[in-house]
Amino acid sequence: EIKEIQYLKKAISTDLLLVDAWLTLTDIALKNKRTDLAQQYLTAIKYINSQNYKYYYFLGLTNKQQGFTEKAKENF
């Protein structure tokens, strides 16, 4: 997992618009209960493409992990 994170961050450093890399980092952060990191990654995705359905899915998961059930429902 650490190698994967390193490769994803390296890819993003060459192209900040790689939404899939940001999404994968968000997924890894959530699996490790790091909602603070997930929120940071989601902010980047929002600026790149706020219409991406996966953005709202991961935002809902982040809200759910943070205990914001109503916000989570809005994003799912």
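Sequence positions, counted from 1, serve as the residue numbers for this chain. Everything numeric here is computed off the predicted structure, so don't read it as measured data. Reckoned from all heavy atoms, side chains included, excluding hydrogens, waters and symmetry mates.
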Worksheet entry | Check: Tyr56 side chain, Ser50 main-chain N or O, donor-acceptor pair, under 3.5 Å | yes
Item to complete: Return yes if some donor-acceptor pair links the side-chain N/O of Trp22 with the main-chain N/O of Leu16 below 3.5 Å, else return no.
Response: yes
Fill in: Distance-minimising heavy-atom pair for Leu37 and Ala29
CB-CB, 3.9 Å
Worksheet item: So, the side chain of Asn49 versus the backbone of Ile45: is there a donor-acceptor pair under 3.5 Å, distance only?
Response: no
Worksheet item: How far apart are the closest heavy atoms of Ala72 and Gly60, and which atoms are they?
Response: CB-O, 3.4 Å
Discussion item. With a 6.0 Å cut-off (strictly less than), is the heavy-atom count around CZ of Phe76, excluding the residue itself, greater than 12?
Written reply: yes
Practice prompt. List the atom of Ile28, the atom of Leu8, and the distance in Å for their closest heavy-atom pair.
Written response: CD1-CD1, 4.1 Å
Discussion item. Is any side-chain heavy atom of Thr26 closer than 4.5 Å to one of Gln39?
Written reply: no
Worksheet item: Mind checking whether Leu42 and Ile5 sit in one hydrophobic cluster, side chains of I, L, V, M, F, W, Y counted as touching below 4.5 Å?
Response: yes
Worksheet item: Can you find a heavy atom in the side chain of Asp27 that is under 4.5 Å from one in the side chain of Leu61?
Response: no
Practice prompt. Tell me whether Ile48 is reachable from Leu18 by hopping between hydrophobic residues (I, L, V, M, F, W, Y) whose side-chain heavy atoms are closer than 4.5 Å.
Written response: no
Worksheet entry | Donor-acceptor under 3.5 Å (Gln65 side chain, Leu30 main chain) | yes
Worksheet item: To the nearest 0.5 Å, what is the distance between NZ (Lys71) and OG1 (Thr62)?
Response: 11.0 Å
Worksheet item: Hey, does Asn63 have a side-chain heavy atom less than 4.5 Å from the side chain of Leu59?
Response: yes
Practice prompt. Evaluate the side-chain proximity of Tyr57 to Asn75: yes if any heavy-atom separation is below 4.5 Å, no if none is.
Written response: no
Worksheet item: Would Tyr41 and Leu17 show up in the same hydrophobic cluster when neighbours are defined by side-chain heavy atoms closer than 4.5 Å?
Response: yes
Item to complete: Answer whether the closest heavy-atom distance between the side chains of Tyr7 and Lys3 falls below 4.5 Å.
Response: yes
Worksheet item: Yes or no on salt bridge (charged side-chain N to carboxylate O under 4.0 Å, His left out) for Glu70 and Lys73, after CA distance, side-chain angles and deciding distance?
Response: CA-CA 5 Å; Glu70 289 304 314; Lys73 287 179 186 177; 3.5 Å; yes
